[in-house]
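I have placed the structure first, in the form of C-alpha cells, so that the comments after it can refer back to it.
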Amino acid sequence: RCGYVAIVGRPNVGKSTLLNRILGQKLSITSRKPQTTRHQILGIKTEDDLQVIYVDTPGLHKDQGKALNRYMNKAASDALRDVDLVIFLVDRTAWTDEDELVLQKISRVRCPVVLAVNKVDQLKDKTELLPHLEVLTAKMDFAEIVPLSAKSGRNVDRLEAIVAAQ
Ligand code: GDP
Ligand code: MG
C-alpha cells in the first residue's frame, strides 16, 4: 500500500516540525521565521506494509502581490492534487484569517481531512483546548481530530496510526 499525505496549514503552525518528527530526521527546515519552507518538501516513510509519502507545503499567504507569495501558494495548491489524505495543522490557540484561507483551499479536496491541533505542550491546562475545539469542529467535517505536539512528539504516533488506517 502506498499513500500520499499533504500537511497543510498557515505559516509557522509547525508543519515542517511535524514532518521531521514523523520521519525522525531533520529533513525540512523549521524556523520561528515564517516563509522558511518555500518549496514542496517530500518525505517518504516506509513501514512493513505501508509507504506514506508526506508533503510539507509552504504556508498559504494572503498577499498575492508578492511573487514569492504567489509561488508558495501555487506550491501549496499543487500539493493538494491527487492526495489520499490531508493533515490540516492548526495552532492550539485562536483561529486566524490565515487558517480560514487554508480551510477554503482544502474545502475542495475530496479526500478525508484530519485536523491536527499543534503545540499542545504550550497549554497550561488541557481544558483550555475545549472552547477552541468547539470552534474548529464547526468549520468542516473532519475525519478525525488529534491534539498533538510536533515539538515534543506527543500524540504524533496517534496521528500516524490514523494515517495508516485511512
Ligand atoms: P511551518 O512554517 O508550519 O513549517 O512551521 P515550523 O515547523 O517551521 O515551526 C514554526 C515554529 O513553531 C518553530 O519555532 C517551531 O520550533 C515551533 N513549533 C513547531 N511545533 C511546535 C510544538 O508542537 N510546540 C511548540 N512549543 N513549538 C512548536
Ligand atoms: Mg515549513
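Because the structure is a prediction, the values reported are computed rather than measured. Counting starts at 1 for both ligands and their atoms, in listed order.
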task = Kindly state each residue pair satisfying side chain to side chain donor-acceptor pair (under 3.5 Å) with at least one member in residues 142-152, sequence neighbours excluded.
result = Asp121-Ser149, Ser149-Ser152
task = Of the side chain and backbone of Lys15, name the one, both, or neither that has a heavy atom under 4.0 Å from an atom of ligand 1.
result = both
inquiry  = For the 3.5 Å polar cut-off, considering only N or O atoms, please tell me whether Gly14 and ligand 1 meet it.
reply    = yes
query = Counting both backbone and side chain atoms, is some N or O of Leu148 under 3.5 Å from an N or O of ligand 1?
reply = no
ask   = N/O/S atom of Thr17 under 2.8 Å from the Mg ion (ligand 2), yes or no?
value = no
request  = Classify the contact between Asn118 and ligand 1 as side chain, backbone, both or neither, using a heavy-atom distance cut-off of under 4.0 Å.
outcome  = side chain
task = Using a cut-off of 6.0 Å, state whether more than 12 heavy atoms not belonging to Asp125 lie near its atom CG.
result = yes
remark   = Residue pairs meeting side chain to side chain donor-acceptor pair (under 3.5 Å), one or both in residues 154-166, sequence neighbours left out, come to Lys45-Glu160
query = Do any N or O atoms from the side chain of Asp91 and from the backbone of Val13 form a donor-acceptor pair under 3.5 angstrom?
reply = no
task = Evaluate the side-chain proximity of Leu101 to Arg10: yes if any heavy-atom separation is below 4.5 Å, no if none is.
result = no
ask   = Any idea which part of Asp121 is under 4.0 Å from ligand 1, heavy-atom wise: side chain, backbone, both or neither?
value = side chain
Flag for Asn20-Thr17: side-chain donor and acceptor within less than 3.5 Å = no
query = Heavy-atom distance to atom 21 (C) of ligand 1: which of Arg21, Gln122, Arg154, Lys119 wins?
reply = Lys119
message = Within the 4.0 Å heavy-atom shell around Thr17, which atoms of ligand 1 are there?
response = 6 (P), 7 (O), 9 (O), 15 (C), 19 (C), 20 (N)
message = Tell me whether Lys15 contacts the main-chain N or O of Ile7 through its side chain, where contact means a donor paired with an acceptor under 3.5 Å.
response = no
task = Go through ligand 1 atom by atom and flag the ones less than 4.0 Å from a non-hydrogen atom of Ser16.
result = 4 (O), 7 (O)
